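Below you'll find the structure, written out as structure tokens, and then a few comments.
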Protein chains: 2
Amino acid sequence: MGRPSRERMADAAIDALQGQLSAYMERKGLRSTSQRRLVSDVFFRAAGHHSLDEVLAMARAEDPRVGYATVYRTMKLLVECGLANERQFGDAVTRFEIAHHDSHHDHLICLECKRIVEFEDSEVEAHQEALAQRYGFSLVSHKHELYGLCAECQRK
Amino acid sequence: MGRPSRERMADAAIDALQGQLSAYMERKGLRSTSQRRLVSDVFFRAAGHHSLDEVLAMARAEDPRVGYATVYRTMKLLVECGLANERQFGDAVTRFEIAHHDSHHDHLICLECKRIVEFEDSEVEAHQEALAQRYGFSLVSHKHELYGLCAECQRK
DNA sequence: CTCGATGCAAATGCTTTGCAGAAAA
DNA sequence: TTTTCTGCAAAGCATTTGCATCGAG
């Protein structure tokens with residue numbers, strides 16, 4: 001059982017996510033609209049970390065009439081039901097990524113080209129728990145970001 | 001040689017910071033004004049992580065006529081000359097903390113009462129370098145934040 | 001039909017800047 | 001006197017929301 005690639009999402013995986021979304025909406029009495037299907041679909045298909053503007057652009061490529069507020073509210077919905085995570089890196093904009101529940105990952109961010117590389121580190125992960133406990137905290141989540149220059153930008 | 005307390009700043013330490021600021025301003029041909037002295041002073045004296053509004057409030061306690069923009073520009077100046085660090089936690093506001101050059105520290109943040117506890121972890125610190133190298137990055141800085149509930153808020 | 005969803009445009013909240021008067025040097 | 005700094009108010013910008021209309025159930 002190899003580590004699943006995060007480059008792109010297999011169709012089956014996307015179907016699973018769409019299924020979870022449908023289940024959540026049904027449970028909450030929310031409606032399945034063409035916009036929600038479109039926005040969630042382009043988001044699930046796109047690997048990486050995207051701002052609202054980026055998700056809007058992707059959605060508008062398929063339907064130019066989608067509004068910013070709809071993308072905003074749909075992404076909020078995805079965060080609510082645990083299918084997306086909101087993240088803030090150096091700049092002012094909020095970015096969204098698909099939430100992976102199987103394993104945590106953190107980020108290496110290139111200050112020059114803004115490239116974002118994901119990594120996993122179970123060693124640090126375990127350490128955090130112990131640390132939190134030492135201060136009486138019960139951990140909910142964490143953020144571990146390393147900022148620097150990627151190999152390519154170092155050469156310039 | 002014990003670990004220096006971060007609770008409050010010794011007067012001697014504050015003088016040292018003020019000295020560094022003066023040196024920087026002189027080098028850059030900037031002027032020493034009563035506002036800059038006041039804002040940097042209240043900031044150096046206050047332990048913790050403060051938003052612009054908080055620094056403004058502290059400054060206005062001593063001189064009600066200080067303007068928001070002056071605090072904004074003074075804090076920017078302190079960041080520029082390396083005496084303060086800018087940080088963004090969960091919310092939308094930027095917070096400032098005194099920059100400690102001797103050792104790094106990271107943060108435990110209570111999601112309920114917003115309390116911020118600092119911790120040091122040289123073990124993780126060393127690990128990060130190795131990790132970055134594995135991906136060809138040269139590290140510049142990092143952010144390691146643990147979010148959860150503090151002992152007090154868990155009881156509620 | 002009904003009530004939630006959409007899209008627009010306006011409001012918000014924080015940050016940043018232009019400018020005329022004030023104050024260092 | 002010259003040049004930088006201050007304080008106000010206005011501009012920027014990403015995010016959020018009110019509301020009339022649209023469309024799923």
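Every chain is numbered from 1 and lettered A, B, ... according to where its sequence line falls, protein lines coming before strand lines. Because the structure is predicted, anything quoted here is derived from the model rather than measured.
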[X] [atom1] to [N] [atom2]: how many Å, rounded?
X	N	atom1	atom2	answer
B/M75	D/dT6	CE	C1'	17 Å
B/Y72	C/dG18	OH	C1'	13 Å
B/L77	D/dT4	CG	P	15 Å
A/M25	D/dG25	CE	C1'	13 Å
A/D91	C/dT16	CG	P	13 Å
B/R37	C/dA23	CZ	C1'	11 Å
B/R65	D/dG7	CZ	P	8 Å
A/L56	C/dT6	CG	P	13 Å

Residue pair B/R36/A/D53 against DNA chain D: nearer the 5' end by closest nucleotide is B/R36
What is the nucleic acid contact for A/S32, judged by heavy atoms within less than 4.0 Å: base, sugar-phosphate only, or nothing? sugar-phosphate
Would you classify A/S34 as touching base, sugar-phosphate or nothing, given that sugar-phosphate means primed atoms plus P, OP1 and OP2, and contacts are heavy atoms under 4.0 Å? nothing
Candidate nucleotides [options], ranked by approach to the side chain of [X] - the nearest:
X	options	value
B/V93	C/dG4, D/dG7, C/dC14	C/dC14
B/Y68	C/dT16, D/dT6, C/dG7	C/dT16
B/A69	D/dT16, D/dT6, C/dT17	C/dT17
A/Q35	C/dC19, C/dT6, D/dT16	C/dT6
A/K76	C/dG7, D/dT17, D/dG7	D/dT17

Any chain of hydrophobic side-chain contacts (each under 4.5 Å) joining B/V79 to B/V55? yes
Base D/dT3 paired with B/R31 side chain (donor-acceptor, <3.5 Å): yes
Does the side chain of A/Q128 come under 3.5 Å of the side chain of B/H144 through a donor N or O and an acceptor N or O? yes
Pairing donors with acceptors under 3.5 angstrom, does anything connect the side chains of B/E120 and B/H100? no
Are the side chains of A/D121 and A/D106 in contact, using a 4.5 Å heavy-atom criterion? no
Tightest non-hydrogen contact, residues B/S40 and B/T74, listed as N-CG2, 4.5 Å
Under-4.0 Å side-chain N/O to phosphate OP1/OP2 contact, A/S51 with D/dA14: no
Report yes if at least one side-chain N or O of B/T33 is closer than 4.0 Å to OP1 or OP2 of D/dT4; otherwise report no. no
So which one's nearest nucleotide on DNA chain C is more toward 5', B/R73 or B/Q88? B/Q88
